[in-house]
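Below is one structure, written out as structure tokens, with a few remarks after it.
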Protein chains: 2
Amino acid sequence: MDLKSLSQRLGLSMTTVSRALNGYEEVSEATRTRVMEAARENGYRPNPVARRLALGRAEAIGVVIPNPPGDFADPFFIELLAGMGSVFEAASLDLIVTAAPEGPAELPVYRRLVEGRRVDGLIVGRTRRHDERIEYLLDRDFPFVVHGRTTTSRPYAYLDMDNAQAFVTATERLIGLGHRRIALINAPAHLAFAAGRHDGYERALGAAAIAVDPSLVVVCDLSEQDGHRIALSLLDLPRPPTGILCANDTTALGAMRAVKSRGLVVGRDVSIIGYDDLPFAGHTDPPLTTMHQPIRPAGARIAEMLRARMSGTPPEELQEVWRPKLLLRGTDGPCTTAGGTAR
Amino acid sequence: MDLKSLSQRLGLSMTTVSRALNGYEEVSEATRTRVMEAARENGYRPNPVARRLALGRAEAIGVVIPNPPGDFADPFFIELLAGMGSVFEAASLDLIVTAAPEGPAELPVYRRLVEGRRVDGLIVGRTRRHDERIEYLLDRDFPFVVHGRTTTSRPYAYLDMDNAQAFVTATERLIGLGHRRIALINAPAHLAFAAGRHDGYERALGAAAIAVDPSLVVVCDLSEQDGHRIALSLLDLPRPPTGILCANDTTALGAMRAVKSRGLVVGRDVSIIGYDDLPFAGHTDPPLTTMHQPIRPAGARIAEMLRARMSGTPPEELQEVWRPKLLLRGTDGPCTTAGGTAR
DNA sequence: TACTATCTTCAAAGCGCTTTGAGAGTCAAT
DNA sequence: ATTGACTCTCAAAGCGCTTTGAAGATAGTA
């Protein structure tokens with residue numbers, strides 16, 4: 001059933017039927033209801049492709065999921081997708097998902113989407129401190145929303161977590177528990193959120209008049225293995241930390257394994273705080289104290305922001321920072337070591 | 001740069017340029033290279049929407065991710081997406097992702113994709129024993145590939161894991177370690193793979209002449225919580241099991257927690273085997289023995305199968321069953337209890 | 001030279017929708 | 001009656017591509 005046969009059946013022109021269906025003023029109420037009814041009865045669905053051609057829009061949104069070639073892709077991405085999905089579905093926008101590894105193959109994927117007119121808007125995730133994807137999109141004045149933040153002089157729309165605040169909170173928690181030697185296992189410096197976390201960590205230490213010990217600040221590739229390796233090296237320090245802040249839950253898992261393998265007890269000898277609150281976090285042994293962020297709502301909000309951006313809202317009005325919440329579970333505890341050193 | 005201006009610039013008709021670009025025979029080699037070159041120089045990309053309208057295809061594939069309203073969506077789905085992504089990208093097919101919870105809202109999402117001509121093919125996951133999505137697609141003769149299997153009299157394309165074989169293997173492993181009281185925490189019966197797993201379990205027990213004890217076969221909703229609850233009830237049995245086979249790794253996590261909370265040691269007092277090999281599985285304490293399946297390659301293969309199906313390969317030729325591998329880690333061990341009972 | 005066979009190229013007709021610019025019909029005011 | 005102001009409806013022109021059916025150019029044969 002296409003527009004033509006529907007309008008013939010109704011004895012109306014295609015124009016009138018199309019207008020009735022799309023809510024134009026110039027159609028009388030009577031004809032409109034008549035048309036709507038007939039459309040429903042005949043199961044008429046406008047051909048989206050024809051519609052797009054006429055409108056000159058793609059009626060689609062693009063997301064590129066960053067998948068490290070070897071690793072598992074970040075599981076939280078699917079939650080973000082689910083959150084966005086509901087909003088786009090309601091707006092009958094298609095959500096086009098592509099996978100690309102970080103690196104030289106990444107930008108071409110974005111170009112294909114943008115220059116090939118396959119999408120009307122993009123969502124950018126796993127943001128880097130300097131991010132050429134964002135520069136590219138800004139250059140072309142293409143609508144997009146970033147999950148995270150980057151460094152650029154031009155305004156852009158984003159929804160970010162307050163990483164600095166999160167790590168102030170986490171650090172303060174450990175300080176409040178009596179810890180003085182607190183390590184930070186951070187993400188690689190090129191990722192945007194790493195800087196904020198480092199800031200928060202130093203700020204909280206400063207406020208408590210604790211000197212920053214550079215040997216306690218280390219970078220990890222976000223894998224469990226690397227978290228394990230790095231935590232071991234921290235524990236082998238002459239004066240090892242009694243608390244460890246981790247870049248994410250996966251890293252925290254590795255750190256826990258390291259602590260246990262040294263015969264120490266997590267949450268007693270060494271406190272650990274993660275970040276993300278992945279599904280497994282409540283179920284480790286002991287359950288992981290971590291920073292929780294509402295991922296699905298964030299996805300939904302990002303989708304709404306993108307819709308606003310696409311209909312002309314200036315990027316300055318589309319900038320939000322959400323605060324993760326500290327979720328106390330079992331891996332943090334009072335510092336039990338005199339002098340603030342484990343063992 | 002559109003086809004018209006490109007052909008004008010070349011002094012050729014749109015027909016010839018279009019044909020040259022799309023590899024038709026009727027164009028001389030000389031013109032073809034001339035056209036190709038000009039297209040590249042001018043950065044010409046055919047408008048996909050116009051192309052689709054003319055061709056009458058959507059050039060897109062649909063996937064619906066099943067997201068339980070409350071829970072985290074299954075993390076392995078993103079791996080499947082990543083696997084499919086590369087294949088579709090190469091074929092320049094768009095991958096359209098929608099989220100829908102299992103239930104009454106699910107089929108309408110499929111109908112919208114199919115009847116709204118938004119996709120040329122679909123991938124169906126989280127297959128149910130009786131699956132109305134599959135019946136619907138078969139009724140309409142719409143191309144699709146199933147991840148899993150279902151019960152229907154009509155042939156359809158699928159890639160499934162050999163669940164029966166997997167659970168034969170897992171069960172035999174425990175039997176080989178001396179276990180006699182082996183529990184099965186299975187998935188809800190309406191999910192397709194549950195039956196196969198139950199079969200495999202019983203088959204292996206039968207082969208070892210061990211009677212099936214119905215009180216050792218229980219159903220779980222696949223969450224950690226439920227796995228924990230059910231494992232506790234198993235351990236409270238008059239004659240508790242010494243080995244537990246779990247429907248998935250998440251359930252296994254819950255079971256491990258239950259065992260520990262009873263003061264028992266996982267892998268010594270009670271052996272546990274999971275299924276999926278999720279990223280965390282190697283990093284639990286002790287590391288989880290589980291069944292591994294190559295998810296990303298499976299996604300890629302499913303994508304290829306769908307392309308074949310869309311170009312006419314009969315479904316009978318597109319049916320594959322892959323064998324998961326048993327990954328021995330630390331949660332299985334010899335039965336230490338005389339009489340085959342824990343404690 | 002005329003005529004057919006073969007190779008290249010083209011103009012024009014869709015694909016199914018939206019939208020422009022204009023034409024009918026209605027009614028109150030002149 | 002005439003005019004103007006609305007209200008409702010329509011035919012036709014795109015949107016940018018593919019493809020059909022036909023024609024022009026070139027070469028081969030009689």
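The sequence lines fix the lettering, A, B, ..., with proteins before strands; numbering per chain opens at 1.
- In this structure, A:Leu12 places its CG atom 15 Å from C1' of C:dA24, rounding to the nearest Å.
- Separation of the B:Phe144 and B:Phe142 ring centroids does not fall under the 6.0 Å cut-off.
- Rounded to an integer number of Å, the gap from CZ of A:Arg51 to P of C:dC15 is 20 Å.
- Going from atom CD of A:Glu25 over to atom C1' of D:dT7 covers 12 Å, rounded to whole Å.
- Distances shown here put every side-chain N or O of B:Tyr24 at or beyond 4.0 Å from the OP1 or OP2 atom of C:dT8.
- Between B:Ser18 and D:dT18 there is a side-chain polar atom (N or O) within less than 4.0 angstrom of OP1 or OP2.
- Checked by distance alone, B:Thr15 brings a side-chain donor or acceptor within 3.5 Å of a matching partner on the base of D:dT19.
- Regarding contacts with the backbone of D:dC10, a side-chain N or O of A:Thr16 is found under 4.0 angstrom from either OP1 or OP2.
- Nearest nucleotide to the A:Asp2 side chain, out of C:dA12, C:dC17, D:dG16: C:dC17.
- Ranked by how close their nearest DNA chain D nucleotide is to the 5' end, B:Asn22 and A:Thr31 are led by A:Thr31.
- Residue A:Leu55 is in sugar-phosphate contact alone, with no base atom involved, counting any heavy-atom pair closer than 4.0 Å across all strands shown.
- Contact annotation: B:Ser13 reaches the phosphate of C:dC10 (side-chain N/O to OP1 or OP2, under 4.0 Å).
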